[in-house]
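Step one of this worksheet: look at the structure below.
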Amino acid sequence: MREPLRVLIADDELLARKRLSRLLAALPDVSVCGEAVDGDSVLAAVRAGGVDVVLLDIHMPGLSGLDAMALLPEGGPHVIFCTAHAEHAVNAFEHGAVDYVLKPVEAARLQKALERARARQPVLAQPAVPAARAKNVTVPPPASGGMGPAFARLPIPTRQGLVLVSPDAISHASLEDELVTVFTTQGDFLTDFTLNELADKLPTEHFHRVHRRALLNLSHVTRLEPLETGGYLARTARGHSVEVSRQSARELRRMLGLRKGAEDEG
């Protein structure tokens, strides 16, 4: 049995808090540990401890949800925004939000967001198995699509040797002339990895194959500019541009909870 996620509901509207509380009560392995009506009370609840996830509104009295998130302690609870305002989604992901759910919040969408938060929870060490019993123990293989420990570094094979890079530092990777370049805050590196190999090694909650020639970390995206093709041109914080295909743009809109565009109807 899994440990329940301890969820703090933060919204200044009573009806919104009641709806979230009712939805959470119907989900397995989840418990409501408190409610907050503004940013200051969110910070106070987090300081008191016992919070794994905050369901956070954007517009609240005093501190906004984004302001409150910026003041959370390092290693603090995961944040899922629950809001009626779609325009803050990219900014929220850039600052480390686990998910961004638009109101009215639906049960299936909320459960998916909470599973994303659970996937980021640190895995507690298991008790050692006595040697006499160890021979009967089967160790499961590591899960695919992710790097395991939260602070793992990705070894990037380059022509100058192995470069160790935190996944958070990678903004994107692109394929040009049969060579893959990984763009990071530490510099840009040509690598022998293929885009498929990189996608398999990097955390799936942030990294998305947005084009057959590009892998993108949404945490580094500051703006999505629509293209006539129905796709996007993603702008990163370092000023790079990454093309997002029409199909990937549809998936991004679904993931961000944005309204469908006319190109999604076909």
Side-chain angles (χ1 to χ4, degrees), residues 78 89-90 92-100 112-113 115-123 140-225 227 229-258:
H78 304 301
V90 171
F93 279 112
E94 182 184 2
H95 286 82
V98 170
D99 211 336
Y100 197 93
K112 182 177 180 180
E115 286 302 323
R116 286 178 174 169
R118 185 181 292 280
R120 294 195 188 184
Q121 286 288 94
V123 179
S144 61
M147 294 194 61
F151 298 103
R153 293 194 175 193
L154 175 69
I156 301 178
T158 72
R159 293 175 182 179
Q160 291 74 43
L162 283 175
V163 178
L164 301 180
V165 179
S166 167
D168 291 340
I170 300 173
S171 63
H172 64 292
S174 65
L175 174 65
E176 295 289 343
D177 298 325
E178 308 307 318
L179 294 175
V180 171
T181 301
V182 179
F183 295 82
T184 83
T185 56
Q186 300 170 219
D188 307 332
F189 305 101
L190 280 173
T191 178
D192 294 329
F193 277 140
T194 67
L195 287 179
N196 283 339
E197 288 171 337
L198 282 172
D200 287 341
K201 293 176 180 295
L202 291 166
T204 55
E205 64 265 23
H206 287 312
F207 286 87
H208 299 269
R209 188 70 178 270
V210 295
H211 193 277
R212 64 184 180 86
R213 305 183 73 85
L215 181 69
L216 180 63
N217 183 352
L218 283 183
S219 298
H220 285 255
V221 175
T222 59
R223 190 165 69 251
L224 293 170
E225 300 175 359
L227 299 174
T229 59
Y232 288 121
L233 194 64
R235 303 285 188 181
T236 71
R238 291 181 62 211
H240 292 106
S241 301
V242 181
E243 184 177 353
V244 178
S245 71
R246 178 176 177 175
Q247 180 178 352
S248 294
R250 289 178 177 176
E251 294 173 358
L252 281 183
R253 282 191 287 273
R254 283 196 293 269
M255 187 185 69
L256 296 174
L258 302 178

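Small disclaimer: the values here were computed from a predicted structure and weren't measured. Below, all heavy atoms of this structure are taken into account, side chains as well, without hydrogens, waters or symmetry copies.
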Inset, instruction - Check T184 against G187 and note the closest heavy-atom contact, atom names and distance. - result: OG1-O, 2.7 Å
Legend entry - A92: side chain to side chain contact (heavy atoms under 4.5 Å, CB included) partners, not counting sequence neighbours: L66, F81, A97, Y100
Inset, instruction - List the atom of P167, the atom of P203, and the distance in Å for their closest heavy-atom pair. - result: CB-CD, 3.9 Å
Legend entry - Contacts of type salt bridge (charged side-chain N to carboxylate O under 4.0 Å, His left out), residue R213, not counting sequence neighbours: none
Inset, instruction - Indicate the atoms forming the closest heavy-atom contact of N217 with I170, along with that distance. - result: ND2-O, 2.8 Å
Inset, instruction - Using side-chain hydrogen bond (donor to acceptor under 3.5 Å, both in side chains) as the criterion, list what pairs up with R116, not counting sequence neighbours. - result: D99
Inset, instruction - Would you please name every residue forming a side chain to side chain contact (heavy atoms under 4.5 Å, CB included) with S245, sequence neighbours left out? - result: H211, Q247, S248
Inset, instruction - Report the distance from atom CG of L154 to atom CZ of F193, rounding to the nearest 0.5 Å. - result: 5.5 Å
Inset, instruction - Quick one: closest heavy-atom pair of V221 and L224, and the distance? - result: CG1-CD2, 4.0 Å
Legend entry - With H220, the side-chain contact (heavy atoms from CB on, under 4.5 Å) member among V242, T185, D168: T185
Inset, instruction - Please name all residues satisfying side-chain hydrogen bond (donor to acceptor under 3.5 Å, both in side chains) with H206, sequence neighbours left out, ordered by chain then number. - result: R120, S219
Legend entry - Interatomic spacing from CZ in R209 to CG in L202 - rounded to 0.5 Å: 12.0 Å
Legend entry - Pairing residues for S171 by the side-chain hydrogen bond (donor to acceptor under 3.5 Å, both in side chains) criterion, not counting sequence neighbours: none
Legend entry - Partner residues of L252 under the side chain to side chain contact (heavy atoms under 4.5 Å, CB included) criterion, sequence neighbours left out: L218, V244, M255
Legend entry - For H240, all residues meeting ring pair (Phe, Tyr, Trp, His ring centres under 6.0 Å), sequence neighbours excluded: H172, F183
Legend entry - Nearest heavy atoms of V98 and A117, plus distance in Å: CG1-N, 3.5 Å
Legend entry - Close side-chain approach of V165 to V182, heavy-atom, < 4.5 Å: no
Legend entry - Those residues that, when tested against E225, pass side-chain hydrogen bond (donor to acceptor under 3.5 Å, both in side chains) (two or more places apart): R223, R235
Inset, instruction - Please round to the nearest 0.5 Å and tell me the distance separating atom CD of E197 and atom CG of L215. - result: 12.0 Å
Inset, instruction - First locate atom OH of Y232, then atom CZ of R250, and finally report the distance between them rounded to the nearest 0.5 Å. - result: 11.5 Å
Legend entry - Minimum-distance pair of heavy atoms, taken over all atoms of A173 and V180: CB-CG1, 4.3 Å
